[in-house]
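See below for the structure under consideration.
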Amino acid sequence: MNSSFYSKRVFWILIANGLNHGEILIYSLLIPWITLDFFPHTSFMMRLVWGYCVLAMGIVTTPLGSFFFSWIAQYKGPLSGMRWCLLGNTLLTSLFIMCPTYEALGILSPMIFFFLRFFKGIFSSGQTSISKIYVIEETVKDKEYKFSYLYQFSSMFGYVGTSVLSNILIEKLNLSWRWGFFPFLLQAGIGMTCFASQCKKQEFKKYEKFVFFPNKYTLQYLKRHCNLIAMVTFTTGLTHITWNLTFIIMNNLIPFATSISFSTILGSNQWLMGIDTVLILILGPLLERYKPEKILKIGSLVLGISLPGCFALLDVFSYPITLAIVRLWILVWGIVFSCPLYMCYKHFCPKKEVYLIVGAGNALGGSIIGKLTPLLTLWIYSKTNNFFSIGIYAGGIALLAWATLTFVKQQE
């Protein structure tokens, strides 16, 4: 495949990836305003609960989207799966923007709200599963690492841009939350123009042995690749944990358990996201000279050993400077670990089944470890009343990721 042709296509897919992650974040940031339209007669706390229930649906939507669209990508081509994910995301976002309020439709309004966000989660998960492998699948070997960390950069750029957008929308312009979702309709344009005008028709061909899943071969397939799926599950789960610990869990738990204020924590979030984005561009090229498999093993081992100590430090010294050091430590090693991750998936997984394996692992790691970690860490703290126990949990997942990386053999 022509290198410049492929690079242009990947550029648009990276843009779409940033928009996809940004849409998820802006929903999370605007929950208090969104739920006011659909649950106007409930308390503020109950509106938050209903809003976060949508995020909790990820336990179901992540495996559904990852498995289904990865299956399509494997048997009908990745661009076919990506096309439907992008168009589906755009359609559901459009309908969500136009969704009537409770005052207009009554009880039907929140039902439509949950319905649209549920299916949006399915298409979003499918897009994530396919794009992370496709961006490095056909590229020349010396550019694999570059596209791997650029994928991470596009995700963070989407988060940072969305965070700034929500600030302008609510604090500066005082506009309706619906305006915040309009930029994400660009995914339809990318889905149509990128694939219709640039992609070769044969890349959308139907594979002869396409079998709709689930079927009787599914369990055999899972059993045959259980070691690879376990590796993708725990490594994906570890990336979710480093993100959750830095940007979500500490936002909620630290102000509750220490004297550090909620405003101090939130005020540092945009700075940390900006630092994360810049560090990806700095550390990515620096790490390129080392073997990616070695980086993953070192990164997961360092996190596994250091996380319990980091959280034990918060038990003893609960000061803003201590919190800043711990968050930066997790942030840096999370970047080191995630930059070569998708390149390693390509090296470890057989090419003919890479989308299925990564889709299955992403479904398990994203839904079981990723979605449950915020809730699980709060439960752990409520039972133990210390941060050290949270560090033990996070460190345990990191060591499991290291173990699976150690015992999985690279494809020849």
Side-chain angles (χ1 to χ4, degrees), residues 10 13-14 16-17 20-21 58 61-82 84-85 121-139 144-145 147-152 154-155 207 210 213-214 217-218 220-241 243 292-293 295-296 300 337-371 397 400-401 404-405 407-411:
V10 168
I13 290 176
L14 292 176
N17 177 61
N20 184 37
H21 283 78
T61 60
T62 298
L64 280 177
S66 296
F67 274 117
F68 179 71
F69 286 105
S70 295
W71 206 267
I72 291 177
Q74 194 67 58
Y75 287 102
K76 300 188 75 174
L79 294 177
S80 181
M82 279 290 294
W84 290 114
C85 287
I122 291 176
F123 282 96
S124 179
S125 299
Q127 180 182 335
T128 301
S129 292
I130 296 171
S131 60
K132 65 176 61 174
I133 293 300
Y134 181 75
V135 293
I136 59 171
E137 183 184 32
E138 300 292 343
T139 190
E144 286 178 338
Y145 196 95
F147 283 132
S148 185
Y149 70 73
L150 283 179
Y151 180 87
Q152 298 290 342
S154 70
S155 301
Y207 284 61
F210 177 75
F213 110 102
Y217 302 109
T218 303
Q220 296 177 9
Y221 158 77
L222 293 174
K223 184 178 179 181
R224 185 168 70 251
H225 297 299
C226 61
N227 58 337
L228 290 171
I229 294 172
M231 182 269 293
V232 177
T233 297
F234 286 112
T235 52
T236 298
L238 183 55
T239 61
H240 280 274
I241 282 179
W243 168 264
E293 294 80 9
I295 295 171
L296 286 185
S300 55
F337 180 80
S338 62
C339 277
L341 185 60
Y342 307 127
M343 181 180 172
C344 284
Y345 289 167
K346 178 184 176 182
H347 291 176
F348 279 122
C349 303
K351 185 175 181 179
K352 291 184 178 180
E353 296 176 310
V354 62
Y355 286 101
L356 294 175
I357 294 168
V358 174
N362 184 69
L364 295 171
S367 59
I368 297 175
I369 299 176
K371 302 296 182 183
I397 297 295
L400 285 171
T404 55
L405 286 164
F407 294 108
V408 169
K409 293 181 179 180
Q410 185 175 335
Q411 294 292 310

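FYI, side chains are in, hydrogens and waters are out, and symmetry mates aren't considered; it's all heavy atoms of this structure. In this text the structure is predicted, and so the values were computed from the model without any measurement.
- In this structure, Phe234 CZ and Ile368 CD1 are separated by 9.0 Å, a value rounded to the nearest 0.5 Å.
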Evaluation steps, side chain to side chain contact (heavy atoms under 4.5 Å, CB included), between Ser155 and Asn17: CA-CA 6 Å; Ser155 301; Asn17 177 61; 2.9 Å; yes

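- Pro292 approaches Pro340 most closely through the heavy-atom pair CB-CB, 3.5 Å.
- The structure places SG of Cys85 at 8.5 Å from CG of Asn20, a figure rounded to the nearest 0.5 Å.
- His240 NE2 to Asn362 CG: the interatomic distance, rounded to the nearest 0.5 Å, is 6.0 Å.
- Atom CH2 of Trp84 has 12 or fewer neighbouring heavy atoms from other residues, nucleotides or ligands inside a 6.0 Å radius.
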When you look at Leu238 and Ser300, which way does the side chain to side chain contact (heavy atoms under 4.5 Å, CB included) test go after all the steps? CA-CA 8 Å; Leu238 183 55; Ser300 55; 4.0 Å; yes

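- To the nearest 0.5 Å, atoms OG1 (Thr235) and CG (Leu341) are separated by 5.0 Å.
- With hydrogens and angles disregarded, a donor-acceptor distance shorter than 3.5 Å links the side chain of Ser154 to the backbone of Tyr151.
- Summarising the geometry of Gln127 relative to Met82, their closest heavy-atom pair is O-SD, 3.9 Å, with the distance given to 0.1 Å.
- Between atom CD of residue Gln152 and atom CG of residue Leu14 there is a gap of 11.0 Å, rounded to the nearest 0.5 Å.
- Judged by distance alone, the side chain of Thr404 and the main-chain N or O of Ala401 form a donor-acceptor pair under 3.5 Å.
- A tilted orientation is assigned to the rings of Phe69 and Phe123, their planes being inclined by 30° to 60°.
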Full working for side chain to side chain contact (heavy atoms under 4.5 Å, CB included) between Leu228 and Phe348: CA-CA 8 Å; Leu228 290 171; Phe348 279 122; 4.2 Å; yes

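- Side-chain contact between Ile357 and Tyr345 is absent, with no heavy-atom pair separated by less than 4.5 Å.
- Side-chain atoms of Thr236 never come within 3.5 Å of backbone atoms of Thr233 as a donor-acceptor pair (strictly under, hydrogens ignored).
- Taking all atoms of both residues into account, the shortest heavy-atom contact from Val358 to Ser129 is CG1-O, 4.4 Å.
- Across every non-hydrogen atom of Thr61 and Gly121, the tightest pair is CB-C, 3.8 Å.
- Pairing each heavy atom of Pro63 with each of Ala363, the nearest pair is CA-CB, 3.3 Å.
- Leu296 places a side-chain heavy atom less than 4.5 Å from the side chain of Phe337.
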